[in-house]
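These numbers come from a predicted model, not from an experiment. Lettering of chains follows the sequences in order, A, B, ..., and the numbering in each one begins at 1.
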There are 4 protein chains.
Amino acid sequence: MKKNKPKYNQIIEAAVEVIAENGYHASQVSKIAKKAGVADGTIYLYFKNKEDILISVFEEKMGQFIAHITEAIENKNNADEKLFELIKLHFRQLSEDHHLAIVTQLELRQSNPSLRLQINNVLKPYLNVIDSIIKEGMQEEIFRNSLNVRLVRQMIFGTLDETVTNWVMKDRKYNLVEQATEVHTLLTEGLHSK
Amino acid sequence: MKKNKPKYNQIIEAAVEVIAENGYHASQVSKIAKKAGVADGTIYLYFKNKEDILISVFEEKMGQFIAHITEAIENKNNADEKLFELIKLHFRQLSEDHHLAIVTQLELRQSNPSLRLQINNVLKPYLNVIDSIIKEGMQEEIFRNSLNVRLVRQMIFGTLDETVTNWVMKDRKYNLVEQATEVHTLLTEGLHSK
Amino acid sequence: MKKNKPKYNQIIEAAVEVIAENGYHASQVSKIAKKAGVADGTIYLYFKNKEDILISVFEEKMGQFIAHITEAIENKNNADEKLFELIKLHFRQLSEDHHLAIVTQLELRQSNPSLRLQINNVLKPYLNVIDSIIKEGMQEEIFRNSLNVRLVRQMIFGTLDETVTNWVMKDRKYNLVEQATEVHTLLTEGLHSK
Amino acid sequence: MKKNKPKYNQIIEAAVEVIAENGYHASQVSKIAKKAGVADGTIYLYFKNKEDILISVFEEKMGQFIAHITEAIENKNNADEKLFELIKLHFRQLSEDHHLAIVTQLELRQSNPSLRLQINNVLKPYLNVIDSIIKEGMQEEIFRNSLNVRLVRQMIFGTLDETVTNWVMKDRKYNLVEQATEVHTLLTEGLHSK
DNA sequence: GATGAATGAGCATTCATTCAT
DNA sequence: CATGAATGAATGCTCATTCAT
């Protein structure tokens, strides 16, 4: 398994840094190789091509991201708490690794639609986590039982994603994690006064 | 005023089509020129460079998009109706011009960060429209008066954007406009059962 | 005769200025047209193509240059005085019109060899003037009678040309005309001590 | 040291030939690469850009040219003999490599002023050699002691340069080296009969 | 004669990928 | 396994010239 070899991870880490620092289009394979301390050709012993590096970056990082969230919400008692935890961790993890935040929110979106499809596959487990929270909430009758799961998931993910993107584009000038409570309330209570 | 000259619009329309059909990175200037029925050099009488074509496409189309929505919600009686109208028109306009939908939801996101800043400027008036609806809703006491306008706007825009992007990525297999009511309810009522 | 029409001269004068200010390769036809106050297309009513403008510039200016020198040396009594007068006027005329000096010494040399051949034709009457001074000097027995006219002419012209070019390249920081006496002595007396 | 690699020299030699045969402006990088037997991209492993090829051509060739002359005049006994040797070698070296002669006398002069400055730097050691001969001649009292070194150098270099250029432009129809004696006499004895 | 909008050929340079060592 | 020199396809933009008005 190539993924356990040290150079594989060196290249992944180098790629995140290079992309975050230089932007997607200025991230030549040779630059990643240099930062990883390997020869250009060595890259191709571990990755099929440049696109494969990007997908792998996302897979590795997103895998950890999701594993972390999945684990954390297991202990929570109900859908409401789980949703809140998911929001907090979504924000916290990207706050703590701003290179990763730049790469996921800005740079990776510059890829072509075919690459984006693959990225969506990587994202799917995360969307499934969101879906299961929604379903659990309906079962627990904490959430309304008539919810369209797909639409709700798009609202939740769209809101989180847009919030993080704005924060990155505003140069991370404010505290993202502090927004979690308010975002949670908005999603659960809606805009209407009662 | 160059924008009134017919070739300007020919090029804009050609650009939308070419980008939607071929993707951003496979959209050579020569391809756009050919589709527009002008010489390559003519492009540069109307646009500073290739990036300028993209920005102009977005400006023109987004300008109409916003103008249409702004006008339509003027007649509505309260924030709730305005928000609903905005959602419907956001969905309807992109439904009716699927080339434009592809370009705005997928291709334009491949641009570099500098271009994205300019795109954000074009988007700003639209976000302002959303903001004013939120503020009006608070004044009318239809919406809760403690809302964080920026966060709410991010929730609304993020939800609409994610919804349209998913619809485009699913090859527009279902009716987008029909989702408007449900999305409106989700945004205003939230997830919680009452 | 086109040369008597005012626009012809406007274009010639504009061309000298534009080339001197921007350099040969940055001197687009449109720039010359603008400075001359005519439309781009109008240039082509007076000149066959861009190269023709350059040749005409050189013809016009060199014509005056030679006419002036020819006239001035007519009154001189012998070859020695004529040579001295030629040196002085060569230096003085280029000193007094530094745009022309830049164009003839630097910019026009960037032209292609075919153009350079035509420029040499324009130069020929000037070289003939030098030749006739040499021949006269031999007849008058002021100059040695065994001189190879072509070589002497190359020495004289080469020396003047190199001197002016150096002066232009040194940003005309010293007085060129003051060098005339010394150059004349060098050419006539040579390097050897007697 | 890149200059010792065979491809570096292959490209230099190819560039001289291509420029001499096609002229400066018709010498595409791809043409040079083809003649050198390397890929287009390989050029850029050895040279910064197209202009850098030209400067390097001149540096390499002029370096040899000057080294050869410097070495040869070392053994000569006085300034007079040294000057004569310099003239002979200047003519002989360009005679023997007519591609180089075309490039230095015609094609390289088409370069822009910025490039010309760099070429002048390459030329400087040669001008210094000429200067030192002049100074030695004055010390040895072979040359007049009141000579203006700069002007004399301009006379010598200007004469040689103009002589070679004429010979190239006349398609090298006569023997250049045979002119050396006469040119030497002209420079040292001047035009005046004694 | 005069205009200036339109034309379209032409080219330096980058960089992902390969493969001989 | 690892290297890094070599490859060569691919494209945005300029500007001299034309010609309908």
Side-chain angles (χ1 to χ4, degrees), chain A residues 2 5-8 11 25-34 36-54, chain B residues 2 5-8 10-11 25-34 36-53, chain C residues 2 5-8 11 25-34 36-54, chain D residues 2 5-8 10-11 25-34 36-53:
Chain A
K2 279 180 176 170
K5 305 226 174 150
K7 297 209 172 171
Y8 177 88
I11 294 167
H25 280 114
S27 293
Q28 297 86 341
V29 171
S30 60
K31 227 179 236 170
I32 296 172
K34 196 171 185 181
V38 301
D40 293 15
T42 305
I43 299 269
Y44 291 86
L45 299 173
Y46 294 90
F47 300 91
K48 219 169 75 247
N49 50 35
K50 190 183 178 183
E51 199 166 82
D52 189 30
I53 306 175
L54 293 171
Chain B
K2 275 182 177 168
K5 302 211 179 162
K7 302 219 166 167
Y8 178 87
Q10 279 171 43
I11 295 167
H25 281 113
S27 293
Q28 297 89 336
V29 172
S30 59
K31 228 180 237 171
I32 297 173
K34 198 169 183 180
V38 300
D40 291 16
T42 305
I43 299 270
Y44 293 88
L45 297 176
Y46 295 91
F47 302 91
K48 221 169 72 252
N49 50 36
K50 191 182 176 182
E51 195 166 85
D52 190 30
I53 304 175
Chain C
K2 277 177 176 172
K5 305 227 175 149
K7 298 210 172 171
Y8 177 87
I11 296 167
H25 281 114
S27 294
Q28 298 86 341
V29 171
S30 60
K31 227 179 236 170
I32 295 173
K34 196 170 185 183
V38 301
D40 292 15
T42 304
I43 298 269
Y44 291 86
L45 299 174
Y46 294 90
F47 300 91
K48 217 168 78 250
N49 51 34
K50 190 184 178 183
E51 199 166 82
D52 190 29
I53 305 176
L54 293 171
Chain D
K2 276 182 177 171
K5 302 212 178 162
K7 301 218 169 168
Y8 177 87
Q10 278 171 43
I11 295 167
H25 281 113
S27 293
Q28 297 88 338
V29 171
S30 60
K31 226 179 240 173
I32 296 173
K34 197 169 185 183
V38 300
D40 292 16
T42 304
I43 298 270
Y44 293 87
L45 297 176
Y46 295 91
F47 300 92
K48 223 170 70 250
N49 50 36
K50 191 182 176 183
E51 195 168 83
D52 190 30
I53 305 176

Provide, to the nearest angstrom, the distance between the [atom1] atom belonging to [X] and the [atom2] atom belonging to [N].
{"X": "D52(A)", "N": "dA16(E)", "atom1": "CG", "atom2": "C1'", "answer": "14 Å"}
{"X": "Q28(C)", "N": "dT17(F)", "atom1": "CD", "atom2": "C1'", "answer": "14 Å"}
{"X": "L45(D)", "N": "dT7(F)", "atom1": "CG", "atom2": "C1'", "answer": "9 Å"}
{"X": "H25(C)", "N": "dC15(F)", "atom1": "NE2", "atom2": "P", "answer": "11 Å"}
{"X": "K48(C)", "N": "dT17(F)", "atom1": "NZ", "atom2": "C1'", "answer": "13 Å"}
{"X": "E51(B)", "N": "dG12(F)", "atom1": "CD", "atom2": "C1'", "answer": "13 Å"}
{"X": "D40(B)", "N": "dC11(E)", "atom1": "CG", "atom2": "C1'", "answer": "14 Å"}
{"X": "I11(D)", "N": "dA6(F)", "atom1": "CD1", "atom2": "P", "answer": "9 Å"}

(Q) Please report the interatomic distance CD1(I43(C)) to OH(Y8(C)), rounded to the nearest 0.5 Å. (A) 11.5 Å
(Q) Nearest 0.5 angstrom please: L54(C) CG to I32(C) CD1, how far? (A)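 Output value for this atom pair is 7.0 Å.
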Please enumerate all protein N or O atoms sitting under 3.5 Å from an N or O of nucleotides 19-21 of chain F, with distances to 0.1 Å.
none

**Q.** With sequence neighbours excluded, residues passing side-chain contact (heavy atoms from CB on, under 4.5 Å) with K7(A)
**A.**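 Here the qualifying residues are Q10(A), V38(A), T42(A), Y46(A).
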**Q.** side-chain contact (heavy atoms from CB on, under 4.5 Å) partners for N49(D), two or more places apart
**A.**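 N49(D) satisfies side-chain contact (heavy atoms from CB on, under 4.5 Å) with E51(D), D52(D) once adjacent residues are dropped.
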Among [options], find the nucleotide with the atom closest to the side chain of [X].
{"X": "T42(A)", "options": "dT3(E), dA16(E), dT3(F)", "answer": "dT3(F)"}
{"X": "K50(B)", "options": "dA2(E), dT7(E), dC13(F)", "answer": "dC13(F)"}
{"X": "N49(B)", "options": "dA16(E), dC13(F), dT3(F)", "answer": "dC13(F)"}
{"X": "A39(B)", "options": "dT3(E), dA5(F), dT7(E)", "answer": "dT7(E)"}
{"X": "V29(D)", "options": "dT3(F), dT17(F), dA12(E)", "answer": "dA12(E)"}

Q.
With a cut-off of less than 4.0 Å, is there a side-chain N or O of K7(D) near OP1 or OP2 of dA5(F)?
A. no
Q.
Is Y46(B) close enough to dA5(E) that one of its side-chain N or O atoms is under 4.0 Å from OP1 or OP2 there?
A.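 False: Y46(B) side-chain N/O out of range (4.0 Å or more) of dA5(E) OP1/OP2.
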Q) side chain to side chain donor-acceptor pair (under 3.5 Å) with K31(B): which residues, sequence neighbours excluded? A)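 In terms of side chain to side chain donor-acceptor pair (under 3.5 Å), with neighbours along the sequence ignored, K31(B) is linked to Q28(B).
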**Q.** Most 5' of V38(C) and A26(A) on DNA chain E, judged by nearest nucleotide
**A.**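 Its nearest nucleotide being more 5', the pick is V38(C).
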Q.
If a pair means Watson-Crick or G-U wobble with both distances below 3.5 Å, what does DNA chain F look like in dot-bracket form, with | marking bases paired to a different strand?
A. .||||||||||||||||||||
